[in-house]
Amino acid sequence: MQRIKAYLLKSEEWLQEPYIDKIMELLPRERYEKARNLKNPKARAQSVLAYALLAMKLQEDWGTGFMPDILSGSRGKPYLEDYPDIFFNYSHCSRGILCAVSACETGADIETVKPYKEKLAGRVCHPKELEMLEQIADPDGRAVFFTRIWTAKESYLKYLGCGIDRELRTIDMSGCRNRSFDAYGAGFAMLEGEGFMASVCRSEPSVREDGQGLQEGSTDSRISVQEVSGREILSFCSLSF
């Protein structure tokens with residue numbers, strides 16, 4: 001069974017704009033231009049740090065070049081032209097950045113937990129998911145569970161590399177109530193943190209006999225997650241505070 005490593009950079013570990021500008025100068029031209037075109041400073045920082053986090057772990061764990069070029073397939077899924085046997089995916093939101101790297105197809109998504117909206121849920125949720133949401137009386141609990149559903153679907157679609165090209169209500173991710181679950185021939189693992197929810201999807205089942213999966217700071221034979229600091233990224237880029 002292939003192993004996936006996931007890396008998490010929480011928002012409190014993000015770097016201030018002067019450091020982001022210095023990291024940008026090291027990026028491949030295409031990534032630099034993409035970041036420069038983002039007018040929102042937070043969005044720019046997320047984009048730069050997501051790439052830097054990926055590049056750091058690719059070099060440390062897979063022996064790639066310092067800042068490898070990332071290309072996009074016909075449907076937008078990123079890949080490494082010089083390393084066809086390495087699969088990765090990353091995602092970012094206001095609460096953190098998540099990156100997953102593996103020797104098998106993978107998808108990752110992280111989302112900020114936002115207030116629950118019934119109309120939105122009706123447009124994107126499978127009947128089983130809606131039934132489970134209706135059983136949650138607490139508004140905050142309902143918002144968290146809806147975010148679980150959303151991140152599971154996003155990670156699955158990113159794993160497939162197809163984007164949102166289908167009716168989301170036909171995709172049943174009700175199994176996301178568990179830390180690990182299997183659906184559509186893929187394995188899923190959920191990570192919940194302060195104000196965010198994350199999901200990693202892989203091309204092999206990820207449920208262990210005890211029903212556990214991705215837990216912050218834990219390691220098992222299928223998926224591990226490691227927290228990374230902004231200081232580590234600066235060190236990788238040969239920069240310092």
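- Between atom CD of residue Gln46 and atom CG of residue Leu53 there is a gap of 13.0 Å, rounded to the nearest 0.5 Å.
- Taking the side chain as every heavy atom from C-beta outward, Pro84 and Tyr79 never approach each other to under 4.5 Å.
- Leu157 is listed as a side-chain neighbour of Ile171, based on a closest heavy-atom distance under 4.5 Å.
- Side chain of Glu13 to backbone of Lys10: no donor-acceptor contact under 3.5 angstrom is found.
- Atom CZ of Arg148 sits about 14.5 Å away from atom NZ of Lys153, to the nearest 0.5 Å.
- A 4.5 Å side-chain heavy-atom check between Phe188 and Ser155 finds at least one atom pair inside the cut-off.
- A distance-only check finds a donor-acceptor pair linking the side chain of Asn89 to the backbone of Ala108 [under 3.5 Å].
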side-chain hydrogen bond (donor to acceptor under 3.5 Å, both in side chains) between Ser91 and Asp109, worked out:
CA-CA 5 Å; Ser91 176; Asp109 188 60; 3.2 Å; yes
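- Other residues, nucleotides and ligands contribute more than 12 heavy atoms inside 6.0 Å of the CD atom of Glu12.
- Residues Leu120 and Phe145 are members of one and the same hydrophobic cluster, defined by side-chain heavy-atom contacts under 4.5 angstrom among Ile, Leu, Val, Met, Phe, Trp and Tyr.
- For Arg202 (side chain) and Gly187 (main-chain N/O), no donor-acceptor pair under 3.5 Å exists by modelled atom type.
- Here CE of Met190 is found 12.5 Å from CZ of Arg177. Values are rounded to the nearest 0.5 Å.
- Taking 4.5 Å as the limit, some side-chain heavy atom of Val101 sits within range of a side-chain heavy atom of Tyr7.
- Contact annotation: the side chain of Val144 approaches that of Met197 to within less than 4.5 Å [non-hydrogen atoms, C-beta and beyond].
- Among all heavy-atom pairs drawn from Val200 and Ala6, the shortest one is CG2-CB, 4.3 Å.
- Side-chain N or O atoms of Asp138 include one that pairs as donor or acceptor with a backbone N or O of Gly141 at under 3.5 Å.
- In plain terms, the two heavy atoms of Cys125 and Phe146 that are nearest each other are SG-CE1, 3.7 Å.
- In this structure, Tyr32 places its OH atom where only 12 or fewer heavy-atom neighbours from other residues, nucleotides or ligands lie under 6.0 Å away.
- Linking ILVMFWY side-chain heavy atoms closer than 4.5 Å, directly or via other members, places Leu71 and Tyr51 in two distinct hydrophobic clusters.
- A donor-acceptor contact shorter than 3.5 Å is absent between the side chain of Arg95 and the backbone of Thr112.
- For the pair Val228 and Met56, the tightest heavy-atom approach, listed with the atom from each and the gap, is CG1-CE, 3.4 Å.
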Apply side chain to side chain contact (heavy atoms under 4.5 Å, CB included) to the pair Ile136 and Tyr116, showing each step before the final yes or no.
CA-CA 11 Å; Ile136 302 174; Tyr116 175 74; over 6 Å; no
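- A salt bridge links Arg44 and Glu17; the closest N-O separation between the charged side-chain nitrogens and carboxylate oxygens is under 4.0 Å.
- A salt bridge does not link Lys22 to Glu25: none of the charged side-chain nitrogens sits closer than 4.0 Å to a carboxylate oxygen.
- No chain of hydrophobic side-chain contacts below 4.5 Å, direct or via other Ile, Leu, Val, Met, Phe, Trp or Tyr residues, connects Tyr184 to Phe87.
- By the neighbour-count criterion of 12 heavy atoms within 6.0 Å, atom CD of Glu30 is sparsely surrounded, having that number or fewer from other residues, nucleotides or ligands.
- Taking every heavy atom of both residues into account, Cys201 and Ala186 meet most closely at SG-CB, 3.8 Å.
- Put simply, Phe66 and Tyr83 are part of the same group of oily side chains (I, L, V, M, F, W, Y) that touch within less than 4.5 Å, one to the next.
- Taking a cutoff of 4.0 Å between a charged side-chain nitrogen and a carboxylate oxygen, Glu60 and Lys57 qualify as a salt bridge.
- Here the straight-line distance linking atom OG1 of Thr151 with atom CZ of Phe196 works out to 10.5 Å at 0.5 Å rounding.
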Kindly indicate, with the supporting measurements, whether the criterion salt bridge (charged side-chain N to carboxylate O under 4.0 Å, His left out) is fulfilled by Arg36 and Glu33.
CA-CA 5 Å; Arg36 190 183 68 169; Glu33 294 294 339; 2.8 Å; yes
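- Taking each heavy atom of Leu58 and Pro68 in turn, the nearest pair found is CD1-CG, 4.0 Å.
- Heavy atoms only, all atoms of each residue included: Asp69 and Pro28 are closest at OD1-CB, 3.1 Å.
- Of the possible donor and acceptor atoms, one in the side chain of Lys77 sits under 3.5 Å from a partner among the backbone N and O of Tyr159.
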Might you work through the side chain to side chain contact (heavy atoms under 4.5 Å, CB included) test for Trp62 and Leu80, ending with a clear yes or no?
CA-CA 12 Å; Trp62 298 81; Leu80 300 168; over 6 Å; no
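- Atom NE2 of His126 sits about 10.5 Å away from atom CE of Met173, to the nearest 0.5 Å.
- With hydrogens and angles disregarded, no donor-acceptor distance shorter than 3.5 Å links the side chain of Lys114 to the backbone of Thr147.
- A heavy-atom distance below 4.5 Å is found between the side chains of Ile23 and Leu234.
- Taken to the nearest 0.5 Å, the CH2 atom of Trp150 stands 7.5 Å off from the CD atom of Glu111.
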